[in-house]
Amino acid sequence: MEPKQHLYLVDGSAYIFRAYHRLPPLTNPQGVPVGAVYGYTTMLWKLADDLHKADGPTHLAVILDASGKSFRNDIYDQYKANRPPPPEDLKPQFPLIRDATRAFSLPCIEEQGLEADDLIASYARAATERGWDVTIVSSDKDLMQLVGKCKHGEDGEACIDMLDTMKNQRIDVPEVIEKFGVPPELVGDVLALMGDSVDNVPGIRGIGPKTATKLIQEHGSLEAALAAAPDMKPSKLRDSLIEQAEMARLSRVLVQLKEDCPLPVALDDFKLDTIPPDPLAAFLEEHGFNSLLKRLGDGRGSPERRVDLNPAKPVTAGAAPTAGSSRQPLPELPPIDRSKYVCVQDEPTLAAWIERAMAARLVAFDTETSSIDAMRAELAGISLALGPGDACYIPLGHGGTDMFAERPAQVEKTRALALLRPLLESEAVLKIGQNAKYDLNILARHGIDVGPVDDTMVMSFDLDAGRSMDGIGGGHGMDELAARHLGHTTLTFKDICGSGKKTIPFGEVPLDRATEYAAEDAEVTWRLHRLLKPRLSEEGATRVYERVDRPLVPVVAQMERHGIRVDRDKLAGLSATFAEEIAKLEGQIHELAGQPFTIGSPKQLGEILFDKLGFKGGKKGKTGQYSTDQGILERLSGEGAAIADRVLEWRQLSKLRSTYTEALQAAINPETGRVHTSYSLVGAQTGRLSSTEPNLQNIPIRTELGRQIREAFVAEPGNVLLAADYSQIELRLAAHMADVPALKEAFAEGEDIHARTAMEMFGEVNRDTRGRAKTINFAILYGISRWGLGGRLGVPADEAQAMIDRYFERFPGIRHYIHSTLESVRANGYSETLFGRKCWFPRISSNNPNERAGSERAAINAPIQGTSADIIKRAMVRMMPALEAAGLSHVRMLLQVHDELVFELPEADVPAASKVIEAVMAGAAEPAVPLSVPLGVEIGTGLSWGAAH
DNA sequence: GGCCGAACGTA
DNA sequence: GTACGTTCGGCCC
């Protein structure tokens with residue numbers, strides 16, 4: 001028989017507050033306060049010492065609070081409202097807690113919307129159900145409710161106790177009774193009566209611990225005490241109990257621990273091995289914890305030392321995992337075996353799978369459909385995975401198109417979805433998707449609001465954006481992730497459905513093949529989640545994942561479903577006008593050329609211009625072709641070449657017609673009559689969204705002709721469109737991040753920022769100097785180079801360099817920002833936004849100077865562009881709740897264009913909605929990152945997108 | 001049918 | 001000089 005398993009659950013968040021208040025202030029060699037971190041480290045040290053003792057841990061995890069809001073705020077909005085912000089010198093220690101945990105190679109769990117207490121309760125219950133003993137490392141009184149809860153599992157009795165490491169005291173049932181006067185199962189009733197000022201649990205006014213205990217002892221429960229109140233002798237206590245009975249009941253709910261939370265990491269993955277000494281030593285050294293370092297002594301280099309990279313296993317693409325990324329290795333799983341999958345074709349089997357998924361509290365899922373376009377796709381089936389080799393496919397729309405072939409047996413679609421709905425919508429079951437936004441949209445169209453959801457594609461992005469090396473892709477698609485992390489080659493869509501003309505819809509794929517493909521996707525998603533989720537906390541990506549990108553998934557999904565109305569007739573009219581003009585120009589161009597040719601071919605055009613017509617200044621690029629881009633043609637036009645002028649006009653009109661007026665008409669969804677773009681959450685390495693099919697982030701605005709296309713984006717009758725833009729957000733962020741007093745001042749005063757720059761640079765402001773200043777400001781954001789700036793301004797490189805020097809002289813913070821950013825990217829391999837979003841630059845140390853310089857420019861830009869992306873994403877996440885709280889439930893958020901949000905709303909709501917939108921956007925960095933510049937938001941409204949600007 | 005480079009639309 | 005996506009012609013298979 002296996003030895004008894006013993007799980008330790010460390011209440012990390014509560015611990016550091018206690019450690020902070022109990023220990024003297026202490027700073028590390030870099031001057032960062034680390035007193036609480038030191039206390040936390042010694043606590044982990046003590047636990048690690050017990051590792052191989054008889055009653056020591058066999059499994060261990062640290063549990064942290066991930067976010068300020070939880071389900072308790074939905075029940076009682078004042079919950080934890082009185083809690084003061086943490087002291088300034090404690091704040092920087094929070095992220096270090098994760099570093100410390102990582103240094104011990106221990107798993108660290110946190111989950112948005114859940115408090116550490118609830119996760120601890122859920123893990124404790126799950127472990128005792130399996131017959132494991134549990135020790136909760138905490139002294140939190142709420143958690144005392146759990147003590148003693150025994151189960152009779154396979155291994156006999158399993159119990160929960162607590163360990164207060166500060167007092168070095170075990171807390172078991174007698175200790176709980178000593179503290180509360182009642183056994184653990186009644187602690188919740190006592191807590192409900194006495195309330196808690198720190199958490200702002202109301203309780204009953206005038207009742208403290210003493211009276212609460214007495215009442216519960218006498219009556220046996222909260223409800224009994226409340227029921228007995230009218231018969232008590234008249235007193236203040238009696239009146240309070242009667243008057244505030246509801247408050248007590250509410251408090252009872254608030255102190256109740258949630259034991260059925262989805263478990264983001266499986267219990268088996270908390271298995272403890274040995275603590276590898278190297279990362280620990282590095283951590284102790286970095287923070288100057290010399291006494292501990294000494295005690296670690298010659299543990300370094302011992303035979304237990306673990307090797308980071310096992311060549312037999314698949315290797316993460318990009319930079320090899322470096323010091324600090326080690327952890328207790330996850331137990332190995334059997335290889336993927338597609339023969340184990342089940343095709344679910346009848347209701348009882350389906351019901352059994354749903355029941356098992358409910359019990360597992362974690363299920364990977366995937367939908368199969370007829371199209372890549374979620375707004376047009378027909379549902380063909382759903383796959384579920386509960387573990388390795390434990391996956392199924394539920395066909396729902398197979399067959400039926402061929403009248404002569406027999407339709408395979410399947411559970412009827414509506415019936416199956418009705419059965420699946422409680423699972424997919426259950427708060428207690430974590431659903432894991434790969435690009436879950438797609439599946440959310442498919443299921444939303446069938447009336448199912450899936451949640452809570454984790455997304456492995458988004459996790460991969462938050463961990464590894466930009467991390468690709470020669471020969472190894474850096475993408476976040478399922479096939480690529482499976483190859484990179486699991487060493488597994490998945491069946492591809494092409495393998496199953498073919499490609500090109502011979503593509504068959506998924507609903508026509510035979511069920512055995514469909515099952516292999518679909519269930520494999522779900523199992524791969526399950527396995528990826530198991531690998532990636534723990535990496536989030538280990539690699540400092542939790543904040544950006546939990547607070548920004550994860551909650552954004554359903555928000556963006558909803559925007560895609562909303563779509564935007566376009567005026568087809570208006571587009572058709574423009575298209576016809578453009579076509580006429582294009583034909584006219586074509587005739588003139590062929591006339592001027594002396595022969596017909598394909599104007600759209602740069603190759604042919606170049607030959608006509610420079611070979612046949614003999615214009616000078618033809619430059620051939622690396623492909624041996626003449627360049628005929630806008631700059632060249634404008635120069636020729638200035639030199640009097642009429643043909644160049646006509647070609648420029650022809651190009652503008654052709655572009656507008658083919659890319660916009662024609663393509664947008666084709667993109668109108670016949671069912672909704674609207675255009676639904678698809679946003680990629682992992683499209684831009686910096687963290688921006690990207691938009692495809694169609695791209696609604698590059699609708700023209702700069703020229704009058706192009707602007708007419710924006711007029712075709714319109715509101716429904718009775719509604720208007722509202723466009724809200726951040727003004728100069730990247731420059732504002734640069735001013736903040738590089739700490740440039742002159743620029744910050746200008747933004748604070750609402751000055752014209754380019755004019756201010758012109759004044760600083762040239763001593764006077766006029767059209768010319770302001771324009772040059774504007775160019776320089778942008779050049780800074782894009783990673784400046786003398787040649788680039790020179791080219792833009794039309795001055796020699798040395799003159800441009802002089803301007804750059806002058807800029808640095810006037811705004812010294814900028815030079816320092818560039819220098820320190822590059823320094824840090826070279827040292828760590830990645831840049832970081834103010835919110836901790838990483839962007840990797842594997843070529844920053846390339847031997848190729850061009851490549852290296854390119855990476856450097858991108859690395860200077862990424863924190864600024866990425867922080868701006870983080871901020872608007874945070875605004876998007878908060879927007880609908882804020883509007884709803886203001887009673888503005890008819891406002892719909894339709895589009896995001898990097899620094900702009902577009903809404904559709906009833907005209908009457910404009911004043912109220914403008915206020916909310918402005919406030920949410922302007923405050924979106926707070927409270928995580930207080931900015932030293934205000935964020936300006938400009939709002940316009942109109943019947944069309946064009947008019948709203 | 002699939003891929004690449006040139007050109008050009010946006011922030 | 002940053003970050004994207006789409007269209008087109010030209011070329012490959």
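A, B, ... follow the sequence lines: proteins, then strands. Residue 1 opens every chain.
The pair A/E580-A/K584 does not meet the salt-bridge criterion, since no charged nitrogen lies less than 4.0 angstrom from a carboxylate oxygen.
In the set C/dC11, B/dG9, B/dA7, B/dA7 carries the atom at the smallest distance from any side-chain atom of A/S627. The side chain of A/T775 lies closest to C/dG1 when the candidates are C/dG1, B/dA6, C/dG5. For A/A684, the side-chain atoms get nearest to C/dC4 when compared with the rest of B/dC8, B/dT10, C/dC4. Side chain of A/P602, nearest nucleotide from C/dG5, C/dG1, B/dA7: B/dA7. Comparing C/dG1, C/dT7, C/dT2 by their closest approach to the side chain of A/A858 singles out C/dT2. When the nucleotides C/dT2, C/dG1, C/dC8 are ranked by their closest atom to the side chain of A/S658, C/dC8 comes out on top.
In this structure, A/E730 reaches neither bases nor backbone, as no heavy-atom distance under 4.0 Å exists between it and the strands shown. Backbone-only engagement by A/E693 is indicated by non-hydrogen atom pairs under 4.0 Å involving sugar-phosphate atoms exclusively. Residue-level contact check: A/Q604 touches the backbone only, with heavy atoms under 4.0 Å from sugar-phosphate atoms and none from bases. In this structure, A/R857 reaches the sugar-phosphate backbone alone: every heavy-atom distance under 4.0 Å involves primed, P, OP1 or OP2 atoms, never a base.
The distance from atom CD1 of A/I864 to atom P of B/dA11 is 18 Å, rounded to the nearest whole Å. Rounded to a whole Å, the CD atom of A/Q865 is 17 Å from the P atom of C/dG1. One atom, CZ of A/F713, and another, C1' of B/dG9, lie 12 Å apart when rounded to the nearest Å. In this structure, the CG atom of A/N777 is 18 Å from the P atom of C/dG1, given to the nearest Å.
Below 30°, between 30° and 60°, or above 60°: for A/F506 and A/F493 the angle between ring planes is below 30°, a parallel geometry.
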Please assess A/I589 against A/I643 for the test side-chain contact (heavy atoms from CB on, under 4.5 Å), listing each intermediate value before the final yes or no.
CA-CA 6 Å; A/I589 292 165; A/I643 186 170; 4.2 Å; yes
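In the interface, the side chain of A/R651 is not paired with the base of B/dA7 through any donor and acceptor atom under 3.5 Å apart. Checked by distance alone, A/N698 brings a side-chain donor or acceptor within 3.5 Å of a matching partner on the base of B/dG9.
With hydrogens and angles ignored, the 3.5 Å screen pairs no side-chain donor or acceptor of A/K437 with any backbone N or O of A/E560. Remark: side-chain polar atoms of A/R874 are paired, donor with acceptor, to backbone N or O of A/A924 under 3.5 angstrom.
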